[in-house]
S.K.: 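Can you keep this structure in mind? I'll have questions shortly.
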Amino acid sequence: MAARPAPVPNFETVSIRTQTERSQHREHSVPMFLTSSFVFDSAEHARALFAEEQTGLVYSRYGNPSVDEFIEKLCALEGCEDGIATASGMAAMFGSMAALLSSGDHIVASRAVFGSTHSVLTRILPRWGIGHTFVDPADIEGWRRAITPATRMLFVETPSNPGLALVDLESLAQLADQHGLILNVDNCFATPYLQTPARWGAHMVTHSATKFIDGQGRVLGGAILGPRHLIDDVRSFARATGPALSPFNAWLLSKSLETLAVRMERHCQNALTLARHLEQHRGVSEVRYPFLESHPQRELAARQMRHGGGVVTFEVVGGLEAGKRFLDGLQMITRSSNLGDARSIATHPTTTTHCKLTEQERQAVGITPGLVRLSVGLETITDIIADVESALQNT
Ligand SMILES: *Cc1c(COP(=O)(O)O)cnc(C)c1O
């Protein structure tokens with residue numbers, strides 16, 4: 001196995017100063033290349049490019065300088081060798097599985113995965129003969145027991161959405177190596193600023209860039225990162241099937257990475273302050289946040305993550321109706337299903353993002369009827385707390 005990358009010590013500099021292209025105008029900021037195709041110097045040049053004897057730009061489904069710049073920056077920040085940018089996070093999740101697995105293969109996945117990832121595993125991949133087993137993410141022995149001779153991949157989100165359960169990435173990577181499996185980690189909630197899965201031995205890192213990486217709720221995007229031998233297979237799959245990220249979105253996301261560190265610092269500071277406040281509130285029966293003393297995996301969180309992240313999940317006393325009344329009582333915080341925005345967003349998972357799960361499946365991952373997921377934004381923390389307080393009066 002390749003040596004593990006160290007965390008990027010100068011994260012801010014790398015995120016700001018990685019620049020692959022300047023045009024002949026020598027612009028200071030990053031240029032945007034909105035073009036679907038590129039020009040060949042000669043018929044022979046075109047032939048050599050298509051024959052893959054020469055590398056170069058051909059068509060934006062294959063590669064584009066704005067997209068390449070975004071992915072190069074993200075690879076540097078995650079400590080990954082190579083990567084592919086995709087049009088959405090789900091194109092990344094699906095692509096990372098579909099490109100590397102075949103009929104008869106099997107995935108062991110955390111029970112606590114994003115709703116659409118759950119659908120890919122349960123409704124789409126089985127139609128092509130790719131099976132799965134869900135396990136309790138925190139139970140390493142459970143992961144081990146679920147591995148069969150057909151297993152090729154372990155898939156996990158940490159922290160999970162919306163329950164904020166953590167997985168010990170180092171132990172899971174060791175397990176994957178023992179069995180020759182690919183450990184694929186959805187690092188959307190943490191971002192490379194808080195956690196770099198490759199450092200703990202994960203083989204692939206997948207992202208929804210729509211969330212904290214964009215950070216302002218403007219565009220969809222995603223990425224699949226990993227060692228070159230795996231990404232080569234993902235690249236040929238992506239070139240043929242076309243999940244390409246738009247150059248415009250890539251340009252925005254590349255600019256967004258420049259401010260990721262400072263934004264995450266404030267998201268996390270606001271989230272921890274709110275989580276501590278909610279723990280004292282009579283209208284709230286449980287608060288989940290990785291850096292709270294009460295989080296059952298607090299020690300692991302401190303080892304694996306820089307801070308606790310920008311999402312706080314809590315249980316409103318009074319169940320389903322109280323959860324809905326809480327959302328309706330908010331004045332400033334937006335009712336929406338997105339997260340990772342500068343604007344604070346409240347979501348009621350039972351009736352929205354996780355409504356496709358059965359009651360039993362929701363119970364198994366701790367999505368109770370009164371659960372609220374709050375993506376804590378960058379507004380003044382006293383205003384965030386005041387809005388949450390007044391909505392809780394409404395429950
Ligand atoms: C949002 C999200 C996704 C899907 O990303 P899209 O960009 O919406 O397709 C995948 N995983 C996690 C953890 C997410 O929060």
Side-chain angles (χ1 to χ4, degrees), residues 67 70-71 74 78 83-98 107 109-125 134 137 155-167 169 184-192 194-195 197 202 204-225 238 241-246 248-250 252-253 256 264 267 271 288 290 305 309-313 336-341 345-349 352-357 365-367 371 373-377:
V67 177
F70 165 62
I71 209 73
L74 196 56
E78 285 283 8
I84 294 285
T86 57
S88 70
M90 283 323 300
M93 302 312 146
F94 171 71
S96 68
M97 296 171 189
I107 304 179
S110 159
R111 212 186 290 289
V113 291
F114 185 67
S116 295
T117 306
H118 192 272
S119 295
V120 166
L121 288 164
T122 56
R123 293 164 215 259
I124 296 175
L125 293 179
F134 285 125
F155 184 89
V156 68
E157 268 173 42
T158 179
S160 68
N161 175 19
L164 305 180
L166 305 191
V167 179
L169 289 175
N184 185 354
V185 180
D186 178 345
N187 202 30
C188 163
F189 262 49
T191 81
L194 301 183
Q195 163 180 287
M204 301 198 76
V205 179
T206 33
H207 270 288
S208 167
T210 313
K211 313 294 168 57
F212 291 101
I213 290 181
D214 174 41
Q216 285 145 91
R218 301 166 299 186
V219 296
L220 300 184
I224 307 169
L225 314 173
T241 57
L245 179 64
S246 129
F248 178 70
N249 290 3
L252 278 175
L253 293 170
S256 294
M264 290 313 289
H267 277 296
R288 294 184 213 158
M305 300 175 71
V311 175
V312 177
T313 301
S336 180
S337 61
N338 198 17
L339 60 92
D341 197 308
I345 293 171
T347 309
H348 186 231
T352 59
T353 51
H354 290 71
C355 70
K356 296 266 159 59
L357 274 67
V365 291
I367 302 176
L371 201 73
R373 181 186 78 191
L374 219 142
S375 172
V376 185

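Counting starts at 1 for both ligands and their atoms, in listed order. Computed from a predicted structure; not experimentally measured.
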S.K.: Roughly how far apart are Phe94 CZ and Ile124 CD1, rounded to 0.5 Å?
M.R.: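 Here the interatomic distance stands at 6.5 Å.
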S.K.: Among all protein non-hydrogen atoms, which one is nearest to atom 7 (O) of ligand 1, and what is the separation to 0.1 Å?
M.R.: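 Checked against all protein heavy atoms, atom 7 (O) of ligand 1 sits closest to Thr210 OG1, 2.6 Å.
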S.K.: Please state which protein non-hydrogen atom is closest to atom 11 (N) of ligand 1 and give its distance, to 0.1 Å?
M.R.: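 Protein heavy atom with the smallest distance to atom 11 (N) of ligand 1: Asp186 OD2, 2.7 Å.
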S.K.: Do we see a donor-acceptor contact under 3.5 Å between the side chains of Arg218 and Ser256?
M.R.: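 Side chains of Arg218 and Ser256: pair found under 3.5 Å.
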S.K.: If you count the atoms of ligand 1 from 1 in the order shown, which ones are under 4.0 Å from a heavy atom of Cys188?
M.R.: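 Matching atoms, with element in brackets: 12 (C), 13 (C), 14 (C), 15 (O).
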S.K.: Does either side chain, that of Thr206 or that of Asn184, offer a donor lying less than 3.5 Å from an acceptor on the other one?
M.R.: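 Short answer, yes.
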S.K.: Measure the distance from atom 4 (C) of ligand 1 to every protein heavy atom, then report the residue, atom name and distance (to 0.1 Å) of the closest one.
M.R.: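 Nearest protein contact, heavy atoms only, for atom 4 (C) of ligand 1 is Phe114 CE2, 3.4 Å.
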S.K.: Considering only protein heavy atoms, which is closest to atom 2 (C) of ligand 1, and at what distance to one decimal place?
M.R.: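 Ranked first by proximity to atom 2 (C) of ligand 1 is Lys211 NZ, 2.4 Å.
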S.K.: Could you go through the side-chain contact (heavy atoms from CB on, under 4.5 Å) check for Val185 and Glu157 one step at a time?
M.R.: CA-CA 6 Å; Val185 180; Glu157 268 173 42; over 6 Å; no
S.K.: Distance under 4.0 Å to a non-hydrogen atom of Phe189: what atoms of ligand 1 satisfy this?
M.R.: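 This gives 15 (O) as the contact atoms.
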S.K.: Identify, by atom number and element, the atoms of ligand 1 in contact range of Glu157, meaning under 4.0 Å from any of its heavy atoms.
M.R.: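 Counting from 1, the qualifying ligand atoms are 13 (C).
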S.K.: Return yes if some donor-acceptor pair links the side-chain N/O of Asn338 with the main-chain N/O of Ile345 below 3.5 Å, else return no.
M.R.: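 Between the backbone of Ile345 and the side chain of Asn338 there is no qualifying donor-acceptor contact (under 3.5 Å).
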S.K.: What protein heavy atom is closest to atom 5 (O) of ligand 1, reported as residue, atom name and distance in Å?
M.R.: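 It is Ser208 OG, 2.9 Å.
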S.K.: Give me the ring orientation class for His267 and Phe212: parallel if the planes are under 30° apart, tilted from 30 to 60°, perpendicular past 60°.
M.R.: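 Aromatic pair His267/Phe212 classed perpendicular.
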S.K.: How far is atom 9 (O) of ligand 1 from its nearest protein heavy atom, and which residue and atom is that?
M.R.: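 Checking every protein heavy atom, the shortest distance to atom 9 (O) of ligand 1 gives Met90 N, 2.8 Å.
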S.K.: Taking atom OG1 of Thr86 and atom CG of Leu220, what is their separation to the nearest 0.5 Å?
M.R.: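 These two atoms lie 10.0 Å from each other.
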S.K.: List the closest protein heavy-atom neighbour of atom 6 (P) of ligand 1: residue, atom name, distance to the nearest 0.1 Å.
M.R.: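 Going atom by atom, the protein heavy atom closest to atom 6 (P) of ligand 1 ends up being Gly89 N, 3.3 Å.
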